[in-house]
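To keep things clear, I will list the structure first and then write my remarks on it.
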Amino acid sequence: MNNRLILIALVIALFTACNSDDYDAPNSFSDVSWYTSGFRDTIVSVSVNDFASFSDLSQGEISHKWTIEQGSYFLEGPIKRKDSIYDDFIIKPESLESTDKTVHVLFKEGGLKKVNLYNEFKEYVEFKGADGFVFPSKEVGGKWVIDTTFVVDVYDTIVPQILIRQNGVVVPHELESDVITVEAGSELEFVDITTIGRPNTRAWQIGDITSTDSLAVIQLNQLGSFKAALNISRLGENIPADYDRYNVAATINVVPSSLPFEVAGDLIELENQTIQIPYNGEFKPFADQKAHFTVNVNGTPFTISSIGLNSSNATILEIKLQDQIYRSDNITVSYDGNGTLESTDTRIPAAFTDLPVQMYQHEAVRYDIEDGGVNWTTKDDNLPTTTVAPSTEQAASGQYSIKVDAAESGAWSGFHNLIDQYSLTAGVTYQLEYKIYKQAGAVINMNGPWIQKDGETVFQFWNNIVATAAEDTWVTVSPGQRFTAATTGSDYEIYLRHNGMGVIYFDDIRIMEVDERP
């Protein structure tokens with residue numbers, strides 16, 4: 001900390017050192033310069049109860065004065081490196097002005113503080129800073145004045161402040177006698193509302209659960225009594241560091257849930273062909289349960305290789321099958337309810353039958369138009385009577401789709417993605433899928449979606465599904481053609497078009513790796 005004093009002293013020495021034996025001072029010379037412990041920083045940053053140093057390196061001034069604000073104090077050294085409390089160095093009697101060439105200013109209040117330097121010269125002078133910056137003196141009453149103010153950003157000591165909410169209601173947590181009772185599988189919200197000290201990092205700890213969110217939603221699954229804490233800090237270049245730990249006095253008591261122990265979301269297939277089943281609580285460790293589960297693939301039971309728990313989330317059951325499965329498969333899972341499965345809060349899961357599995361999609365790219373359509377450009381050979389624009393009138397998902405309104409037929413109406421292109425890999429086979437909404441009255445015989453690479457056509461998915469598609473409803477279009485990329489590249493585009501008239505909407509445009517059962 002006191003290296004700043006050493007640096008200031010060295011710089012002053014460079015400007016003032018001379019040897020009277022070989023140097024003759026000029027009769028008169030005026031110049032203005034200064035130095036701060038913030039070096040080149042426009043705003044000097046310090047912690048509250050710390051100091052900053054300022055040196056006036058000017059020469060030939062008629063008068064010179066530093067001025068500080070209430071809550072700031074001039075210090076007098078020597079200050080040693082081990083010193084961390086500076087009240088004993090405050091110059092007495094206390095004053096808000098000093099004529100010393102170098103001053104050390106202690107700041108005991110947080111916020112933006114000012115340190116003013118006021119010099120008078122008998123001739124014009126100017127301060128030349130970095131990047132061509134020039135600060136000229138101004139003539140006041142026949143004297144040339146340099147009046148400049150340094151801004152010091154004083155960071156307060158961090159004072160942690162939090163809220164804990166249960167079911168949207170703030171609950172007491174400040175006293176050792178406070179107890180927050182939570183049913184297993186339920187959530188608490190831990191909210192960092194700290195303002196004093198401007199922290200920028202945080203880490204919650206609730207038992208063995210951690211979170212770095214300012215609003216941490218924590219699901220508590222294990223039975224028992226737990227304590228919570230918040231580690232909070234201020235880190236970054238050119239700002240003073242600080243840290244504090246807030247230990248929550250209240251005890252968090254997790255009790256068995258009154259809710260049934262059951263599946264709590266969609267069953268999904270991962271890319272590695274693992275089937276995941278999410279529950280509303282954690283499982284205790286268990287032995288082999290394969291005999292109590294049935295996995296049907298396209299109506300046929302498949303042999304289960306293993307059933308276990310997700311390695312990082314004990315609320316998720318994972319099933320692996322002996323044989324390969326494909327995105328085109330229709331898979332369901334059933335549980336007979338007769339296994340030895342049990343939650344950590346002693347609940348028993350109920351039986352279920354034929355829950356569907358959402359298959360991994362193997363998407364190379366998916367455009368859901370939720371960027372407002374900025375990625376899509378109207379084709380330059382469109383009919384002049386055709387308009388193409390993002391729309392919120394219809395959407396297969398989210399809020400947006402692409403609306404193509406063709407007032408007449410006879411030529412193409414289309415659009416393509418020139419901004420956000422996508423990548424394909426050589427040797428991999430792909431298929432196209434998209435959704436259309438054909439407004440009543442539209443007469444469209446065919447779609448001609450193309451894959452382009454750097455503006456050149458490489459494959460076309462001819463299809464006439466749109467001709468007989470139901471009106472005023474979303475229809476999934478999945479042309480039967482398959483495309484194997486000849487080269488790897490990140491400059492692929494989709495070009496969608498039709499040659500009819502009327503209004504049609506496009507949404508959820510996808511290029512997928514082919515993953516179909518042979």
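Start at 1 with the first residue, then count along the sequence.
In this structure, the side chain of Asn247 does not engage the main chain of Ala229 through any donor-acceptor pair within 3.5 Å. Formation of a donor-acceptor pair under 3.5 Å by the Asn447 side chain with backbone atoms of Arg497 is found in this model. A distance-only check finds a donor-acceptor pair linking the side chain of Ser211 to the backbone of Asp213 [under 3.5 Å]. A donor-acceptor pair is defined here as one N or O able to donate and one able to accept, closer than 3.5 Å; no such pair exists between the side chain of Asn417 and the backbone of Ile419. Judged purely by atom type and a 3.5 angstrom limit, Ser58 uses its side chain to pair as donor or acceptor with the backbone of Ser33. Asp507 contributes no side-chain N or O that, together with a main-chain N or O of Tyr434, makes up a donor-acceptor pair within less than 3.5 Å. With hydrogens and angles ignored, the 3.5 Å screen pairs no side-chain donor or acceptor of Thr181 with any backbone N or O of Val255. Proximity of a side-chain donor or acceptor of Glu69 to a complementary backbone N or O of Lys114 within less than 3.5 Å is detected. Judged purely by atom type and a 3.5 angstrom limit, Thr488 uses its side chain to pair as donor or acceptor with the backbone of Ala426. At distances below 3.5 Å, not a single donor-acceptor pair connects side-chain atoms of Tyr505 with backbone N or O atoms of Ser391.
Between Leu96 and Ser72 the shortest heavy-atom distance is CD2-O, 4.2 Å. In plain terms, the two heavy atoms of Glu433 and Met512 that are nearest each other are CB-CE, 3.6 Å. Contact detail for Ile206 and Ala228: the closest heavy-atom pair is CG1-CB, 3.8 Å. The minimum heavy-atom distance between Ser98 and Val103, with the atom names listed, is OG-CG1, 3.7 Å. Here the closest heavy-atom approach between residue Asp491 and residue Gln421 is recorded as CA-OE1, 3.7 Å.
Between Phe74 and Trp66, the distance from one ring center to the other does not fall under 6.0 angstrom. Separation of the Phe127 and Phe135 ring centroids does not fall under the 6.0 Å cut-off. Between Phe506 and Phe415, the distance separating the two ring centers is shorter than 6.0 angstrom.
Heavy atoms from other residues, nucleotides or ligands lying under 6.0 Å from CD1 of Ile193 number more than 12. Shown here is Gln70, whose CD atom has no more than 12 heavy atoms of other residues, nucleotides or ligands within 6.0 Å.
Considering only heavy atoms from C-beta on, Phe107 stays 4.5 Å or farther from Val44 through its side chain. Two residues are said to be in side-chain contact when any heavy atoms from C-beta on lie closer than 4.5 Å; Phe226 and Ile209 fail this criterion. The shortest side-chain heavy-atom distance between Ile158 and Pro199 falls under the 4.5 Å cut-off. The shortest side-chain heavy-atom distance between Tyr430 and Thr425 falls under the 4.5 Å cut-off.
Residue pairs meeting the salt bridge (charged side-chain N to carboxylate O under 4.0 Å, His left out) criterion with at least one partner in residues 162-180, sequence neighbours excluded, are Arg165-Glu189, Glu176-Lys227. The salt bridge (charged side-chain N to carboxylate O under 4.0 Å, His left out) pairs that include a residue from residues 228-249 number zero, where partners must be two or more places apart or lie in different chains. Residue pairs meeting the side chain to side chain donor-acceptor pair (under 3.5 Å) criterion with at least one member in residues 191-203, sequence neighbours excluded, are Asp153-Arg198, Asp192-Thr194, Asp192-Arg202, Thr201-Ser233. Among residues at least two apart or in separate chains, ring-ring contact (aromatic ring centres under 6.0 Å, His included) pairs with a member in residues 168-193 are Phe190-Trp204.
Each of Leu235, Thr157, Asn231 was evaluated against Tyr243; a single residue qualifies, Asn231, per the side chain to side chain contact (heavy atoms under 4.5 Å, CB included) test.
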Name every donor-acceptor pair, under 3.5 Å, that has one atom in a side chain of residues 394-401 and the other anywhere in the protein, sequence neighbours excluded.
unit_1: Ser397; atom_1: OG; unit_2: Asp508; atom_2: OD1; d: 2.8
unit_1: Ser397; atom_1: OG; unit_2: Asp508; atom_2: OD2; d: 3.1
unit_1: Ser401; atom_1: OG; unit_2: Gln394; atom_2: O; d: 2.7

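Applying the ring pair (Phe, Tyr, Trp, His ring centres under 6.0 Å) rule to Tyr492 yields no partners; only residues at least two apart in sequence or on another chain are considered.
Here Trp376 contributes atom CH2 and Asp371 contributes atom CG; the two are 9.0 Å apart, rounded to the nearest 0.5 Å.
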